[in-house]
Student: 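This structure is in structure tokens; I'll ask about it shortly.
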2 protein chains.
Amino acid sequence: MAVTIREIAEKAGVSRGTVDRALHNREGVNPDVARRIKEIAASMEYLPNTAARALSLHKEPKKIVFILPDTDSTFFSFIQTGLAKAQEEYREMGTLITAVHMNFRNISAVTEQLDSLMSEGIAGLIITGPDVPELREKLNSMAEKGIPFITYNSDIQSDKGLCYVGQDLYKGGKVAADLMHKLTPCPSLVLAVAGKSDFKAHTERITGFVDGMKEYSKDYDIRIIEGYNPYKRDTFSAVLADPEVKQHVKGIFISTGKVAATMEAVKQSGLLGKVRVICNDEIPEVIKGLKKGYIDFTICQDPVNQGYLPVKIMVQHLMGHPSTPDKWIKSPVEIKTVHNID
Amino acid sequence: MAVTIREIAEKAGVSRGTVDRALHNREGVNPDVARRIKEIAASMEYLPNTAARALSLHKEPKKIVFILPDTDSTFFSFIQTGLAKAQEEYREMGTLITAVHMNFRNISAVTEQLDSLMSEGIAGLIITGPDVPELREKLNSMAEKGIPFITYNSDIQSDKGLCYVGQDLYKGGKVAADLMHKLTPCPSLVLAVAGKSDFKAHTERITGFVDGMKEYSKDYDIRIIEGYNPYKRDTFSAVLADPEVKQHVKGIFISTGKVAATMEAVKQSGLLGKVRVICNDEIPEVIKGLKKGYIDFTICQDPVNQGYLPVKIMVQHLMGHPSTPDKWIKSPVEIKTVHNID
DNA sequence: ATGAAAGCGCTAACAT
DNA sequence: ATGTTAGCGCTTTCAT
């Protein structure tokens with residue numbers, strides 16, 4: 001049978017209340033006594049009973065807030081599916097998980113909302129967003145006040161966070177290169193469509209892709225097409241208007257969400273089906289292209305688990321799970337074709 | 001605040017004990033009263049508190065037995081990783097999960113061992129194994145005695161099981177065909193290496209593969225090579241000895257675990273790297289081939305989750321989770337190259 | 001600073 | 001057939 005605080009109390013010659021206070025570093029306990037209690041607990045390999053803890057906290061559950069962008073997107077709806085799964089699974093387990101939507105184009109509004117969440121009293125935060133100083137500093141200051149945070153999907157660089165749940169985008173680009181190499185003949189022209197260069201997700205993928213292609217052969221002619229904001233079809237059409245490009249291009253890697261615009265330009269130039277296309281994520285335009293046979297592969301990152309895992313980790317952390325998670329929980333690099341999309 | 005048995009008891013004008021008995025269909029409660037209690041519980045949308053239930057069952061946890069084949073294999077070591085994860089996660093949650101190894105080449109010994117588990121008293125069973133009548137009947141009789149069972153990896157056909165966790169092998173074969181089509185020119189010879197035809201896993205994959213290839217084009221010449229037991233390298237070498245085969249073969253799909261023998265024959269005939277190869281699972285020989293560039297893809301089924309999910313579902317079932325799981329929890333069809341193997 | 005005790009929701013043993 | 005009650009391990013409030 002597992003060790004309980006009662007047994008620790010007996011061994012230490014104190015009451016159960018004191019053991020609880022000591023193990024949770026609550027104030028009002030003699031430092032020497034506290035140290036001794038912790039030693040005894042460690043020597044007995046004490047592990048708290050999760051069920052008992054959850055039941056005891058039932059009246060005032062610890063509040064976990066999950067921040068989502070306020071924009072509608074298929075990608076984030078997958079994340080919400082994972083969140084919902086976690087909410088259902090950790091119902092009445094000593095925690096209360098709430099979703100809050102925020103507009104990340106207005107960072108000062110975001111930090112204000114975080115402040116008001118702090119004053120309402122929360123136990124943990126799960127967040128995504130741009131890696132900008134204001135947000136980073138706000139999160140660091142929260143962490144210093146004892147509120148742990150987890151980032152998901154897109155990291156906010158900080159060593160104060162509990163962990164980051166998201167894909168290794170560089171590796172994703174390499175996998176794309178691997179596939180492109182398998183699909184295209186070797187001396188040939190391959191285009192890589194990049195997004196805004198200040199959005200990390202896209203540049204890392206492109207770098208991985210280019211590095212990967214070059215590893216296969218120096219003879220690939222890789223041309224990077226910068227995306228603009230708003231990305232205009234004309235940008236890509238202009239590139240394909242060059243007859244030389246049109247003649248030699250054999251593959252296109254679209255690292256951004258601007259799939260529809262790019263595919264439209266491909267269609268206009270009569271290259272549909274003649275050029276191999278690799279995209280990212282399971283968004284509707286990509287699924288459409290896969291079904292029509294115009295897109296060959298899409299590289300996914302299991303967004304459902306990007307919603308589920310951060311909650312699971314936060315719950316375990318707050319409920320006294322002994323081990324600290326890895327700093328980076330890597331989402332898988334999933335290769336999908338029309339036959340294994342969900 | 002959530003509804004508790006206490007509130008149901010008050011509303012029904014009975015004691016909490018009676019509510020507990022009624023909701024769990026225990027004997028010794030007036031049928032009319034029981035029905036009324038259930039109605040009230042449903043109308044109040046009562047959901048049992050998992051933490052309280054777990055804590056209360058702490059002294060005599062429900063025993064869940066996870067059956068594993070007694071053979072060493074990398075594939076099953078992944079399944080054990082998932083099992084270990086679940087054991088750690090559901091520690092002290094009212095259940096006790098134990099692994100038991102059995103030798104499936106001796107079915108009568110297996111049924112005897114199941115009988116003795118029954119007499120020791122278990123609450124749930126998780127099992128894989130050959131789909132033979134003796135085993136099927138034993139499981140059905142256990143289910144009738146109230147012991148739920150879940151099958152994983154390879155199904156044992158029975159409508160009495162709680163669910164089956166495993167891959168859609170036919171779909172896996174189709175995905176392999178999709179990839180093979182992308183890798184090989186169209187009129188060409190493609191070999192499909194099948195295992196013993198009485199092992200369902202292999203025949204279903206082969207059928208999916210052949211169907212898939214035929215959908216892409218009637219011009220593929222697909223030749224199925226039957227595996228023997230023990231599979232001899234000569235079997236495959238003999239096929240490749242035919243100069244016509246050797247000249248025209250462009251792709252090989254290996255649905256079995258006999259990768260080493262097949263690859264050795266490919267090497268002997270000087271086709272290494274000249275022929276596209278697709279395999280299944282992340283076993284050492286396959287990883288070796290991927291790294292050397294002799295194997296292009298391997299199609300996996302997330303074995304870690306095949307160990308983890310059955311336990312999770314069984315725990316939730318025994319701990320009174322209201323919803324019944326889908327009859328078939330499909331493992332993903334994962335496409336892996338050397339760049340996204342773990 | 002520490003001890004004592006009540007209570008979280010559920011189960012099971014005991015009492016009626 | 002049904003009611004009553006102790007107790008699972010932990011947290012927290014109230015005494016001391």
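Here the structure is a predicted model, which means the values were calculated and not measured. Numbers restart at 1 for each chain; the letters A, B, ... are given by sequence-line order, proteins then strands.
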Student: Counting any heavy atom closer than 4.0 Å, what does B:Gly94 reach on the DNA or RNA strands: base, sugar-phosphate only, or nothing?
Tutor: nothing
Student: Can you give me the N/O atom pairs linking the protein to nucleotides 10-13 of chain D at distances under 3.5 Å, or say none if there are none?
Tutor:
from, atom 1, to, atom 2, distance (Å)
D:dC10, OP1, A:Tyr46, OH, 2.5
D:dC10, OP1, A:Asn49, N, 3.3
D:dC10, OP2, A:Ile5, N, 2.8
D:dC10, O2, A:Ser56, OG, 3.4
D:dC10, N4, A:Arg16, NH1, 3.4
D:dT11, OP1, A:His24, NE2, 3.3
D:dT11, OP1, A:Arg53, NE, 2.3
D:dT11, OP1, A:Arg53, NH2, 3.4
D:dT11, OP2, A:Asp20, OD1, 2.1
D:dT11, O5', A:Asp20, OD1, 3.4
D:dT11, O4', A:Ser56, OG, 2.6

Student: Angle class for the A:Phe76/A:Tyr152 ring planes (parallel below 30°, perpendicular above 60°, tilted otherwise)?
Tutor: perpendicular
Student: Holding to side chain to side chain contact (heavy atoms under 4.5 Å, CB included), I want the full list of residues that pass it with A:Asn305, two or more places apart in sequence or in another chain.
Tutor: A:Asp302, A:Tyr308, A:Leu309
Student: Check whether any side-chain nitrogen or oxygen of A:Ser15 sits under 4.0 Å from OP1 or OP2 of C:dA4, and answer yes or no.
Tutor: no
Student: Looking at B:His58, does any N or O in its side chain come under 4.0 Å of the phosphate oxygens OP1/OP2 on D:dG9?
Tutor: yes
Student: Check whether any side-chain heavy atom of A:Lys63 lies under 4.5 Å from a side-chain heavy atom of A:Thr95, and answer yes or no.
Tutor: no
Student: Report the distance from atom CG of A:Leu55 to atom P of C:dA6, rounded to the nearest whole Å.
Tutor: 17 Å
Student: Using the ring pair (Phe, Tyr, Trp, His ring centres under 6.0 Å) criterion, which residues pair with A:Phe149? Sequence neighbours excluded.
Tutor: none
Student: Could you tell me the separation between the CG atom of B:Asn25 and the C1' atom of D:dA1, rounded to a whole number of Å?
Tutor: 16 Å
Student: Does atom CG (B:Asp32) have a neighbourhood of more than 12 heavy atoms from anything else shown, all under 6.0 Å?
Tutor: yes
Student: Given 3.5 Å as the limit, does a donor-acceptor pair link the side chain of A:Asn49 with the main chain of A:Ala51, or not?
Tutor: yes
Student: In whole Å, what is the span from the CD atom of B:Glu10 to the C1' atom of D:dG3?
Tutor: 14 Å
Student: Return the value, rounded to whole Å, for the distance between atom CZ of A:Arg36 and atom P of C:dA1.
Tutor: 16 Å
Student: Just how far, in rounded Å, is P of C:dG9 from CD of B:Glu7?
Tutor: 8 Å
Student: A:Met93 has an atom CE; how far is it from atom P of C:dG9, in whole Å?
Tutor: 14 Å
